[in-house]
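Ligands are counted one by one from 1 in listed order, and the atoms in each one are counted from 1 as well.
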Amino acid sequence: MCGIVAYIGHRQAKPILLEGLKRLEYRGYDSAGLAMLIDGKLKIGRTVGRVSMLEERLEQLGGFDGTLGLCHTRWATHGGVTELNAHPHRDDRHGLVVVHNGIIENYAALKTYLTERGHTFTSDTDTEVISMLISELYEGDLEKAVQAALREVTGAYAIAVICEKEPDTLVVARKGSPLLVGIGNGEYIVASDAAAIISHTGQAFMLDDYNVVKITRAGFRTSDIHNTPVTPKVTQLEIDLEQIELGGYPHFMLKEIFEQPKALRACCSGRMDIRDGRVVLGGVSTYAKELTRARRVILTAQGTALHAAMIGRYLLEDVAKVPTQTEYASEFRYRNPVIEEGTVVIAVSQSGETADTLAALKEAKERGALALGVINVVGSSIARETDAGVYLRVGPEIGVASTKAFTGQVAALSLLGLFMARRRLMSADACAEMLREFEALPAKIERILEQAPHVKRVTERYIDRENWLFLGRGYNYPTALEGALKLKEISYIHAEGMPAAEMKHGPIALINEGMPAVFIANKGRQYEKVMSNIAEVRSRGGHVIAVATEGDEHIKKYVQDVLYIPDVPEPLSPILAVIPLQLMAYYAAVARGHDVDKPRNLAKSVTVE
Ligand code: F6R
């Protein structure tokens with residue numbers, strides 16, 4: 001949800017800012033803007049559209065030569081997508097500008113107050129309120145004015161501010177939205193995400209909530225909003241450039257789909273002790289006793305992460321025999337949930353920044369639950385809020401549609417399930433057997449990926465259909481939900497996912513001649529029942545595309561198209577079954593001419609509720 005980059009140093013800022021902003025475009029891309037301080041004067045360029053359009057606008061305007069600046073790519077919350085609402089937002093008194101990621105909840109009250117104080121607003125954004133408030137409180141010290149303003153603000157923010165009156169100063173602050181300061185050689189790059197920093201320096205620190213950092217070319221000072229000094233924890237960034245570049249792929253989504261074997265190996269590496277039949281999860285080992293005795297697990301997440309959680313639920317109940325429920329974090333946080341003794345709440349999130357998931361975890365923690373995380377981004381807000389957790393280790397996910405994080409989430413939850421199962425009831429032999437199957441998964445995914453051209457051909461046969469169904473049972477009911485979500489979000493085709501048995505209770509009325517229905521029909525406990533559901537769709541004219549187990553020749557007689565996956569124990573089958581569905585969504589979006597990595601209206605990390 002919006003990306004911020006700011007630079008202060010000795011090099012030309014514009015190329016550094018724009019390169020960083022392009023790397024953050026996955027966070028939002030409806031408008032963009034940049035401001036620089038040049039000979040003590042602000043120069044601003046803004047535009048509706050992508051960063052490439054901002055680049056053109058800056059070229060037309062000319063003269064963006066300087067070594068201090070900031071920029072922003074927007075995902076609109078307050079106010080429509082217009083140039084006036086694009087960041088940076090300027091004040092009306094002191095020549096200062098602000099870029100902001102987050103939402104200011106009391107912006108209406110502040111706007112009324114500031115209007116009464118004589119400020120004139122030109123946009124509909126909450127961000128402009130921050131720039132006017134800092135301006136109102138400015139008495140010759142930008143750092144102090146920012147601190148004072150943020151004491152009045154409620155909501156979430158990551159901000160960067162520069163001011164004509166202090167041409168050697170950049171002030172940045174954070175509460176709730178991520179912000180990192182990269183430390184170079186006599187230069188500093190501030191960004192919402194390490195991806196914008198890594199090509200310049202590997203040294204960085206993440207701001208904590210309420211931190212304010214004043215940066216000059218000579219150094220930086222970190223404090224909180226009450227001006228109490230804070231010592232930042234400078235660390236080495238763990239990503240490398242290759243992970244955030246396309247590397248010959250046309251889209252990040254395709255790259256990330258194909259990265260899944262490698263990602264899964266990384267996720268499992270060092271965590272499987274097959275000889276002793278046990279799972280080694282350093283992150284949660286301190287809480288092994290609580291997990292062994294857990295009376296209930298609540299998995300909470302949004303979107304794709306919730307689908308992964310639903311698969312985790314099946315495994316936790318089936319294999320670890322612990323009562324488990326899944327909850328939309330957005331509902332859970334407001335539902336006055338009952339948390340009994342012995343409840344473990346697990347937040348599942350790729351970004352670790354999803355506002356609702358973070359709030360749900362906090363709520364559960366306050367009510368006495370042990371708070372765990374299954375998170376990809378190390379050091380993210382949710383990760384820091386948890387008592388312990390399991391990192392996915394699948395590397396940065398840049399495509400807006402989540403793929404490798406989904407399989408990573410399912411794998412990490414499955415390992416956690418086995419970790420618990422082994423301590424509760426599972427024999428070492430049974431666990432070792434499961435881990436051997438786990439070990440074989442990456443090679444099996446590779447086999448599915450080899451069939452990508454076949455998946456493409458099948459998908460293109462149905463590309464003109466506007467309504468699709470995705471159906472599955474048991475472990476693969478959530479896989480069906482995920483298949484439908486993937487298709488919807490990048491190809492804009494209407495798709496519904498549901499348990500195959502639910503179809504008869506209403507949705508069957510939708511089926512007409514030629515409607516594509518994707519069934520996950522791998523060999524498993526409910527195979528025969530799924531075959532009956534397939535027959536019901538066929539007899540009403542639907543076209544069935546089945547994801548089936550290799551060697552199942554029988555199914556060919558009953559469906560139009562088959563996408564095969566290797567045989568695998570049922571609890572692990574979603575990790576394979578989802579791969580052809582991800583590919584289908586990808587090829588559908590490409591065939592329809594959509595921008596796969598930047599689907600309309602979406603942003604990668606939903607840091608507002
Ligand atoms: C869909 C997708 C979203 C996210 C959801 C949660 O492809 O990516 O549905 O899964 O917004 O995001 P995280 O996992 O970052 O909490």
Does any donor atom in the side chain of E327 or Q325 lie under 3.5 Å from an acceptor atom in the other side chain?
yes
Would you mind listing every salt bridge (charged side-chain N to carboxylate O under 4.0 Å, His left out) that reaches into residues 408-417, with sequence neighbours excluded?
none
Among side-chain atoms of N476 and S573, is any donor-acceptor pair under 3.5 angstrom?
yes
Salt bridge check, E259 against K404: does any charged N sit closer than 4.0 Å to a carboxylate O?
yes
Within the protein, residues bringing a heavy atom under 4.0 Å of ligand 1, chain by chain:
Q302, G303, T304, A305, S349, Q350, S351, T354, V400, A401, S402, Q409, K486, E489
Determine whether Q582 and Q260 satisfy the following criterion, side chain to side chain donor-acceptor pair (under 3.5 Å), listing intermediate values before the conclusion.
CA-CA 11 Å; Q582 294 170 343; Q260 286 176 109; 2.7 Å; yes
Out of R50, H87, E25, which one pairs with T73 under the side-chain contact (heavy atoms from CB on, under 4.5 Å) rule?
E25
